Amino acid sequence: MNTEEYTRYLRRLQQIVVREVVPKTAVFDYFSHKIYDLDEDPQRVEPLIWYIQSGLLADLTFSIYRLYDKRSQKSILDFTHMTRLSLDNITWMKPLSSADLDRHDALLESVDPICENLRKRRNKLFAHYDSDFFFEPDRVDRVYPFSTDDAKRLVRVLQKILADHSRALDGSVAASLDGFAYAAAEKLYGKLRASVSELVSQKGAGTSR
């Protein structure tokens, strides 16, 4: 890769991670975890909550895994490999070293078990139905667990590596939208809760008459 090709590759990965994967993960974290800290059944607040959770989980299964897919022509693994081969061809503000890339490789290796679980979940339930999970889809969570913390860890690794590359290239760092997305999800659920409370109050007022 030359500088132009490297920059294009880096910016596209940043766009996918920052604008798509990070916000989706934050919303998934809120709707699959935080709402259960409240003293109520989310299904009673909004019966469609399960579909929101299911849709986000399926989306993230594909969105995160394809960035780590070892067979993919475009992934974080391919990007770091291609960068290693092209270190001397790229015009840097503060050059990355082989040691920097070694640290990135170590980060990627540290999450490989999580990626493997995610790969198997995708192949056996989300991409197509495996006979072992067709009749018991919930079994995949026991056999190949994948938590919100796992999702966030994979995303943080992506953010760390891409941020290091961006700083080395031109000193810039992309702002993360996770806080904004999480707050927006919290606000949306707050509106749902308020609507339910209002309906209950109206029914109570009608009964009292």
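Numbering starts at 1 and runs along the sequence shown. Basis for what follows: all heavy atoms, side chains included, without hydrogens, waters or symmetry-related copies. Keep in mind that what you see is a predicted model, and the values were worked out from it rather than measured.
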Between Glu116 and Arg119, does any NZ, NE, NH1 or NH2 come within less than 4.0 Å of an OD or OE carboxylate oxygen? yes

If you group Ile, Leu, Val, Met, Phe, Trp and Tyr whenever their side-chain heavy atoms sit less than 4.5 Å apart, what else falls in with Phe180? none

Look up atom CG in Leu192 and atom NZ in Lys187, then write down how far apart they are to the nearest 0.5 Å. 13.0 Å

Can you label the angle between the His165 ring and the Trp92 ring as parallel, tilted or perpendicular, going by 30° and 60°? tilted

Would you give the length of the straight line joining atom CD1 of Ile76 to atom CD1 of Ile64, rounded to the nearest 0.5 angstrom? 13.0 Å

Lys74 NZ to Tyr9 OH distance, which is reported to the nearest 0.5 Å: 4.5 Å

Nearest heavy-atom contact between Thr148 and Ser32 is CG2-OG, 3.1 Å

Between CG of Asn2 and CZ of Arg8, what distance do you get to the nearest 0.5 Å? 11.5 Å

Check for me, please, whether Val173 and Leu10 land in the same ILVMFWY cluster - side-chain distances under 4.5 Å, paths through other members count. no

Can you tell me if CD on Gln43 sees more than 12 non-hydrogen neighbours from other groups inside 6.0 Å? yes

If Ile, Leu, Val, Met, Phe, Trp and Tyr residues are connected whenever their side-chain heavy atoms lie under 4.5 Å apart, and connections chain through other members, are Phe62 and Leu56 in the same group? yes

What closest approach, in Å, do Leu125 and Pro137 show between heavy atoms, and which atom pair accounts for it? CD2-O, 3.8 Å

How far does CD1 of Ile161 sit from CG of Leu13, to the nearest 0.5 angstrom? 10.5 Å

Look at atom CZ of Arg139 and say whether more than 12 heavy atoms of other residues, nucleotides or ligands are closer to it than 6.0 Å. yes

Using side-chain heavy atoms (C-beta onward) and a distance below 4.5 Å, is Glu136 in contact with Val143? no

With sequence neighbours left out, what residues match Ala175 under side-chain contact (heavy atoms from CB on, under 4.5 Å)? none

Give the cluster check for Met82 versus Leu158: same hydrophobic cluster or not, with ILVMFWY residues linked at side-chain heavy-atom distances below 4.5 Å. yes

Side-chain heavy atoms nearer than 4.5 Å, only ILVMFWY residues, links allowed to pass through others: does that put Val27 and Tyr36 together? yes

Gln159/Ser176 under side chain to side chain donor-acceptor pair (under 3.5 Å): CA gap, chis, key distance, verdict: CA-CA 9 Å; Gln159 289 177 296; Ser176 180; 3.3 Å; yes

Hey, does Ile49 have a side-chain heavy atom less than 4.5 Å from the side chain of Ile35? yes

So, for Asn123 and His128, which heavy atoms are closest and what is the spacing to 0.1 Å? O-CE1, 2.6 Å

Note: Pro23 and Leu177 closest approach over all heavy atoms is CG-CB, 4.1 Å

Check the pair Val157, His104 against side-chain contact (heavy atoms from CB on, under 4.5 Å), reporting the backbone distance first and the verdict last. CA-CA 9 Å; Val157 168; His104 293 162; over 6 Å; no

Checking side-chain contact (heavy atoms from CB on, under 4.5 Å) for the pair Arg121/Leu57: CA distance, chi angles, key distance, verdict? CA-CA 11 Å; Arg121 287 169 65 89; Leu57 178 58; 3.9 Å; yes

Taking the side chain as every heavy atom from C-beta outward, state whether Asp178 and Asp29 have any atom pair closer than 4.5 Å. no

If the condition is side-chain contact (heavy atoms from CB on, under 4.5 Å), which residues does Ser172 pass it with, not counting sequence neighbours? Arg11, Ser166, Asp170

Tell me, please, which residues at least two apart from Asp150 pass salt bridge (Lys or Arg N to Asp or Glu O under 4.0 Å). none

Are Asp105 and Arg84 close enough for a salt bridge, meaning some N to O gap below 4.0 Å? yes

All salt bridge (Lys or Arg N to Asp or Glu O under 4.0 Å) counterparts of Glu40, not counting sequence neighbours: Arg193

Does Phe126 share a hydrophobic cluster with Tyr51, counting links as ILVMFWY side-chain heavy atoms below 4.5 Å and allowing steps through other members? no

Treating Asp100 as the side-chain partner and Ser97 as the backbone partner, does any N or O pair qualify as donor plus acceptor under 3.5 Å? yes

Keeping the roles fixed (side chain from Asn117, backbone from Pro145), state whether a donor-acceptor pair exists under 3.5 Å. yes

Does a salt bridge link Arg153 with Asp149, judged by any charged N lying under 4.0 Å from a carboxylate O? no

In terms of heavy-atom contacts, Gln53 and Phe28 come closest through O-CE1, 4.2 Å

Do Tyr65 and Phe146 have side-chain heavy atoms sitting under 4.5 Å apart? no

Side-chain heavy atoms of Leu169 within contact of Thr7, under 4.5 Å: yes

Chi angles and distances behind the side-chain contact (heavy atoms from CB on, under 4.5 Å) call for Leu118, Arg122: CA-CA 6 Å; Leu118 188 58; Arg122 186 203 63 169; 5.8 Å; no

Can you find a pair of side-chain heavy atoms, one from Gln73 and one from Asp78, that are under 4.5 Å apart? no

Shortest non-hydrogen pair, Ala185 vs Tyr30, comes out as O-CE2, 3.8 Å

Could you tell me whether a side-chain N or O of Ser86 sits under 3.5 Å from a main-chain N or O of Thr83, the two making a donor and an acceptor? no

Treating Tyr68 as the side-chain partner and Leu154 as the backbone partner, does any N or O pair qualify as donor plus acceptor under 3.5 Å? yes

Can you name the salt bridge (Lys or Arg N to Asp or Glu O under 4.0 Å) partners of Asp132, sequence neighbours left out? none

Closer than 3.5 angstrom, by distance alone: can the side chain of Thr3 be matched with the main-chain N or O of Thr91 as a donor-acceptor pair? yes

For the OH atom on Tyr129, are there more than 12 heavy atoms of other groups (residues, nucleotides or ligands in this structure) within a distance under 6.0 Å? no

Met1 side, atom CE; Ile90 side, atom CD1 - distance, nearest 0.5 Å: 5.0 Å

Walk me through whether Lys34 and Tyr189 qualify under side-chain contact (heavy atoms from CB on, under 4.5 Å). CA-CA 11 Å; Lys34 184 61 179 179; Tyr189 191 64; over 6 Å; no

